[in-house]
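This report refers to the structure that appears directly beneath it.
In what follows, residues are counted from 1 in the order of the sequence shown.
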Amino acid sequence: MKFRHVASMAFWMALTTACTSQQQSVSPELSLKDAVGDQFLIGVALNTRQTAAGDSLSQNLVKRHFTAIVPENCMKMEEIHPEEDRYDFSKADELVNFGISNGLVVTGHCLIWHSQLAPWFCVDKDGKPVSAEVLKERMKEHIYTVVKRYKGKIRGWDVVNEAIIEDGSYRKSPFYEILGEEFIPLAFQYAHEADPDAELYYNDYGMDIEGRRNGVVKLIRTLKERGLRIDAVGMQGHMGMDHPDINEFEKSMMAFAAEGVKVMITEWDMSALPTVKQGANIADTLAYQAALNPYTESLPDSVSKVWNTRMKQFFQLFEKHADVITRVTAWGLTDNDSWKNDFPIKGRTDYPLLFDRNYQPKPFVKELMEEASAEQPVK
Ligand code: 9MR
């Protein structure tokens with residue numbers, strides 16, 4: 001026993017010395033989920049490679065550090081219900097089974113969204129918008145089928161995603177164009193009928209913006225006034241080095257909580273790259289493109305420091321409001337997996353997640369784990 005301990009200490013010291021500052025090695029006793037404790041669930045979005053048999057590196061990391069998972073793509077309508085009379089549950093089943101067999105809380109993402117929408121869903125065979133009655137029937141059938149399949153296995157659903165724009169008005173999505181505002185209460189009603197025990201969430205990005213904040217508050221009130229279930233608001237949390245303003249983000253958390261719902265940080269990441277301004281002509285010059293993709297080899301220490309400090313500040317904000325926050329989920333496992341490498345420009349090298357390309361925790365994550373472990377009473 002003693003020998004094993006000494007041997008493992010020597011191994012970790014050697015490994016730590018071999019690691020660069022980008023590769024933060026930590027002792028195998030430390031885990032993010034222990035650091036978070038029972039404050040809130042700590043989750044991660046997984047892609048289909050990670051939940052398939054074979055990716056044990058990712059799976060071990062998930063099991064060690066996280067308490068919750070969500071599918072990054074495989075439950076979206078175009079994936080799970082690609083044709084009117086055909087569902088494909090294979091990947092979603094894999095993710096749910098991985099979660100259940102490892103004691104992880106599974107969230108469903110997402111039932112109604114204008115993006116990654118199955119192309120057939122809102123149109124007839126001639127490509128014209130279907131009637132309100134047909135769309136209601138399709139929504140009901142889709143929501144019933146998907147939610148009932150995972151009844152008792154999925155704790156809660158992102159029922160509607162990204163329906164409110166920055167000025168607080170409704171996005172002119174096909175759902176809105178055909179059903180008006182009513183499509184949201186209907187979606188929540190169908191989801192509740194399908195699994196009365198499931199939690200139901202409204203999920204959106206840019207939630208720090210005042211107009212959207214007010215629009216979402218109005219939506220919560222409407223749902224509640226009509227006696228519909230809404231358990232939490234998901235604040236996606238796709239951040240950058242210069243946005244959002246932490247105070248505005250906190251204001252939104254408090255505004256939603258004041259309406260009697262919980263708050264979830266559902267898609268947390270922070271791009272370390274220069275923010276691409278909307279409307280910028282990124283095809284302009286090679287020099288401009290290079291300026292927007294400056295860290296192709298590694299993240300300079302100076303940038304890494306700012307990134308880690310900012311991430312830690314947000315994490316501390318979540319801890320400060322642990323009474324209203326029920327889950328914080330990273331939108332991807334390692335930097336290599338992040339959608340940010342391809343958005344809003346394809347092929348950049350970004351560093352937005354909690355674990356780096358070598359599956360090692362970022363410095364602020366390492367710090368959180370070490371601080372929490374130092375606070376533990378000696379056994
Ligand atoms: O991370 C997802 C990426 O792999 C997909 O290509 C993309 C398609 O729109 O969706 C990404 O996830 C989105 C999430 O489902 C909803 N909020 C915004 C996320 C980033 O676009």
Side-chain angles (χ1 to χ4, degrees), residues 12-13 15-27 30-36 39 42 44 61 64-66 208 235-250 253 265 267-277 289-321 325 328-345 347-375:
W12 277 100
M13 280 167 67
L15 198 65
T16 311
T17 320
C19 283
T20 68
S21 62
Q22 290 294 315
Q23 293 168 262
Q24 297 282 320
S25 234
V26 289
S27 124
L30 295 182
S31 84
L32 180 56
K33 67 181 176 195
D34 286 344
V36 171
Q39 299 183 95
I42 182 82
V44 60
L61 201 67
R64 174 171 163 189
H65 291 286
F66 295 94
D208 53 299
M235 300 175 67
Q236 293 185 3
H238 296 295
M239 303 178 174
M241 301 287 255
D242 54 3
H243 68 277
D245 178 295
I246 193 160
N247 296 319
E248 293 302 306
F249 196 87
E250 184 176 24
M253 287 170 43
I265 311 303
E267 305 184 13
W268 196 30
D269 55 23
M270 186 183 290
S271 174
L273 300 184
T275 302
V276 179
K277 299 289 171 221
Q289 288 189 33
L292 291 171
N293 188 21
Y295 316 126
T296 52
E297 295 305 321
S298 65
L299 196 61
D301 279 348
S302 58
V303 184
S304 168
K305 274 204 183 81
V306 178
W307 185 93
N308 277 284
T309 304
R310 200 166 139 74
M311 285 295 275
K312 195 163 178 190
Q313 279 164 353
F314 274 99
F315 190 83
Q316 285 167 337
L317 177 72
F318 307 153
E319 288 190 307
K320 177 178 160 197
H321 295 297
I325 292 194
V328 174
T329 288
W331 200 244
L333 186 57
T334 75
D335 285 343
N336 212 27
D337 307 312
S338 172
W339 72 294
K340 292 302 297 178
N341 293 309
D342 285 316
F343 187 87
I345 303 176
R348 293 203 293 177
T349 306
D350 208 341
Y351 303 82
L353 290 170
L354 308 189
F355 290 84
D356 68 19
R357 287 175 167 75
N358 296 309
Y359 296 76
Q360 299 301 320
K362 296 288 179 66
F364 91 96
V365 176
K366 188 169 178 259
E367 260 172 52
L368 290 174
M369 294 191 292
E370 286 170 348
E371 284 163 9
S373 130
E375 284 164 15

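Between Thr334 atom OG1 and Gln360 atom CD the span is 11.0 Å, to the nearest 0.5 Å. We find the CG-CG distance between Leu32 and Leu354 to be 6.5 Å, quoted to the nearest 0.5 Å. Residue Asn308 holds its CG atom at 13.5 Å from CZ of Phe315, rounded to the nearest 0.5 Å. Atoms CG and NZ, on Asp335 and Lys362 in that order, are 3.5 Å from each other to the nearest 0.5 Å. To the nearest 0.5 Å, the span separating CZ on Arg348 from OG1 on Thr296 amounts to 12.5 Å. One distance of note links CD1 of Ile42 with CZ of Phe318; it measures 9.0 Å at 0.5 Å rounding.
Of all non-hydrogen atoms in Met369 and Ser31, the two that sit nearest each other are SD-C, 3.4 Å. Of all non-hydrogen atoms in Pro244 and Met239, the two that sit nearest each other are CD-CG, 3.5 Å. For Tyr351 against Ala272, the heavy-atom pair with the smallest separation is CB-CB, 4.2 Å. For Tyr295 against Pro300, the heavy-atom pair with the smallest separation is CD2-CD, 3.3 Å.
Using a 4.5 Å heavy-atom cutoff, the side chains of Lys340 and Leu273 are not in contact. Inter-residue side-chain proximity for Ser271 and Met241 is flagged as unmet; no heavy-atom pair is nearer than 4.5 Å.
Residues satisfying the ring-ring contact (aromatic ring centres under 6.0 Å, His included) test with Phe343, not counting sequence neighbours, are Trp339. A search for side-chain hydrogen bond (donor to acceptor under 3.5 Å, both in side chains) contacts involving Glu297 returns nothing, not counting sequence neighbours. Residues that satisfy the side-chain contact (heavy atoms from CB on, under 4.5 Å) test with Asn341, not counting sequence neighbours, are Ser338, Asp350, Arg357. Remark: Thr275 pairs with Asp242, His243, Lys277 by the side-chain contact (heavy atoms from CB on, under 4.5 Å) rule, at least two apart or across chains. Residues that satisfy the side-chain hydrogen bond (donor to acceptor under 3.5 Å, both in side chains) test with Asn293, not counting sequence neighbours, are absent from this structure. Looking at residues two or more places apart in sequence or on another chain, you find a side-chain hydrogen bond (donor to acceptor under 3.5 Å, both in side chains) between Glu248 and Arg213, Lys251. A search for side-chain hydrogen bond (donor to acceptor under 3.5 Å, both in side chains) contacts involving Thr349 returns nothing, not counting sequence neighbours. A search for side-chain contact (heavy atoms from CB on, under 4.5 Å) contacts involving Ile246 returns Gln313, Phe314, Leu317, not counting sequence neighbours. Every side-chain contact (heavy atoms from CB on, under 4.5 Å) that Lys312 has, sequence neighbours left out, goes to Gln316, Phe364, Glu367, Leu368, Glu371. Here Asp208 pairs with nothing under the salt bridge (Lys or Arg N to Asp or Glu O under 4.0 Å) rule; sequence neighbours left out.
Of the possible polar contacts, none joining the Trp268 side chain to the Val328 backbone as a donor-acceptor pair under 3.5 Å is found.
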Query raised in the report: Stepwise, does the side chain to side chain contact (heavy atoms under 4.5 Å, CB included) test hold for Ile325 with Met253?
Result: CA-CA 9 Å; Ile325 292 194; Met253 287 170 43; 3.7 Å; yes
Requested in this report: Report the C-alpha distance between Phe355 and Asp337 in whole Å, list the side-chain angles of each, state the deciding distance to 0.1 Å, and finish with yes or no for side chain to side chain contact (heavy atoms under 4.5 Å, CB included).
Outcome: CA-CA 10 Å; Phe355 290 84; Asp337 307 312; over 6 Å; no
